[in-house]
Amino acid sequence: MTAAETRAPEAHDTTAAARALFAERFGAEPVGTWSSPGRVNLIGEHTDYNDGFVLPFAIQHRTHVALAPRTDGVFRVRVASTFDDATAELALDVLDVVFPDQRDDVPEWARYPLGVAWALLAASETDPADVTGVDLAFASDVPVGAGLSSSAAIEGATAVALAETWGIDLDRVALAKVGRRAENEAVGAPTGIMDQMASLLGRPDAAIFLDCRSLDAQVIDLGFAEAGLELVVIDTGVKHSHATGGYGERRAACERGAAALGVPALRDVSLEDLPRLQELVDDVTFRRVRHVVTENQRVLDTVRTLREQGPTAIGDLLVASHASMRDDFEISVPELDTAVEAALSAGAIGARMTGGGFGGAAIALVAHDKVDAVRDAATAAFAAAGFAAPTIFTVTPSAGAARD
């Protein structure tokens, strides 16, 4: 099997892996498993933290967590995962001491679930003395670093598992806010709330049209299957991290642009405002803002087009989104551009990079009978450019976080 034909493990294999790890690390059986999906953002990149619009959908690849309350009277949270040999733990009553100020004392991967525990107790105003200690073991088939939000999958799985175990009654939007706070403050990644909302609210064969200011969410039928379309992910293998500088620099540029126009966020900037902004800021800041403003409009146009004409009509919007991220926001890389160009040359309806950028994956909307041609074209283009072979697979719009 070539790299380009690799598929993620089946969900039941990942559930079994979480349960097996739990038994290995903690010497007991879990009381249950919960899971939460990664997501693909169909369109709407770097608009979420600017109070804008996004259109993600949950995918079939999920993070599973096996959990059991501790029976030894020790009020600690222990976390283990198949992607790290170490087991991390913190006492419940020190979570609000460690986060956010002493987070560097915790392994980075463990900050996600431990940060969710901290943020969940805070959001629900629950005294740590009123809940039991817990052990959690994670396994995932969400590709890491591909822009498919493996982090939100961890957060969503942890949030629904702990909320049920601890008897905390928060709705899905509140749990998404818990995940965002964990990522922003416990991990230190300045992301918006799109990923958590998609992971918690996902529906089969549908996307979530999210207003990131009001957090109003509408389910938008995608109709991919009926139209004979597949959504192909081309994972470049170039790893990225939201906690590193490029993401923060883009966010700061957006804030400068909003301040120059005297508005709370770029959500409040229209296409008509761009000529005035160009006179107020430097070229780099202007282009960063122009991407966000035009991307917000593309999200609205995509939702309208899906409703009125169906998915076969959104290709040009996807292509324009990629060009804007490449040229104005400057978050693409040669591998992503190669993936998009190869997919389009092989007959994809539309293609764009997805996720935070600086690596990760591209997506292509492709007729079912052209999937193999797109896969072959991308593989050949990467080889010709001297890049490592991409991993290529299809994703299906799927349900959000739940108990397995």
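Counting begins at 1 with the first residue of the sequence.
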Under the rule for side chain to side chain donor-acceptor pair (under 3.5 Å), what residues qualify as partners of Asn41, not counting sequence neighbours? Glu45

Enumerate the residue pairs fulfilling ring-ring contact (aromatic ring centres under 6.0 Å, His included) with a member in residues 154-190, sequence neighbours excluded, ordered by first and then second residue. none

With Phe22, which residues qualify under ring-ring contact (aromatic ring centres under 6.0 Å, His included), at least two apart? Phe26

Angle between ring planes, Trp118 versus Phe99, binned at 30° and 60°: parallel, tilted or perpendicular? tilted

Who pairs with Arg298 by salt bridge (charged side-chain N to carboxylate O under 4.0 Å, His left out), at least two apart in sequence or on another chain? Glu295

Mind telling me whether His46 and Tyr247 have parallel, tilted or perpendicular rings, with 30° and 60° as the class edges? tilted

ring-ring contact (aromatic ring centres under 6.0 Å, His included) with His291: which residues, sequence neighbours excluded? Phe329

Side chain to side chain donor-acceptor pair (under 3.5 Å) partners of Gln218, counting only residues at least two apart: Arg307

Taken in chain and number order and not counting sequence neighbours, the residues that satisfy side chain to side chain donor-acceptor pair (under 3.5 Å) with Asp404 are Thr33, Ser35, His64

For Asn296, all residues meeting side chain to side chain donor-acceptor pair (under 3.5 Å), sequence neighbours excluded: none

Checking Arg103 now: which residues fulfil salt bridge (charged side-chain N to carboxylate O under 4.0 Å, His left out) with it, not counting sequence neighbours? none

Can you tell me which residue pairs pass the ring-ring contact (aromatic ring centres under 6.0 Å, His included) test with a partner in residues 191-230, sequence neighbours excluded? Phe53-Phe209

Mind checking what makes ring-ring contact (aromatic ring centres under 6.0 Å, His included) contact with Phe75, not counting sequence neighbours? none

Once salt bridge (charged side-chain N to carboxylate O under 4.0 Å, His left out) is applied, do any residues pair with Arg203, and if so which ones, sequence neighbours excluded? none

Is there a side-chain contact between Thr165 and Pro69, using heavy atoms and a 4.5 Å cut-off? yes

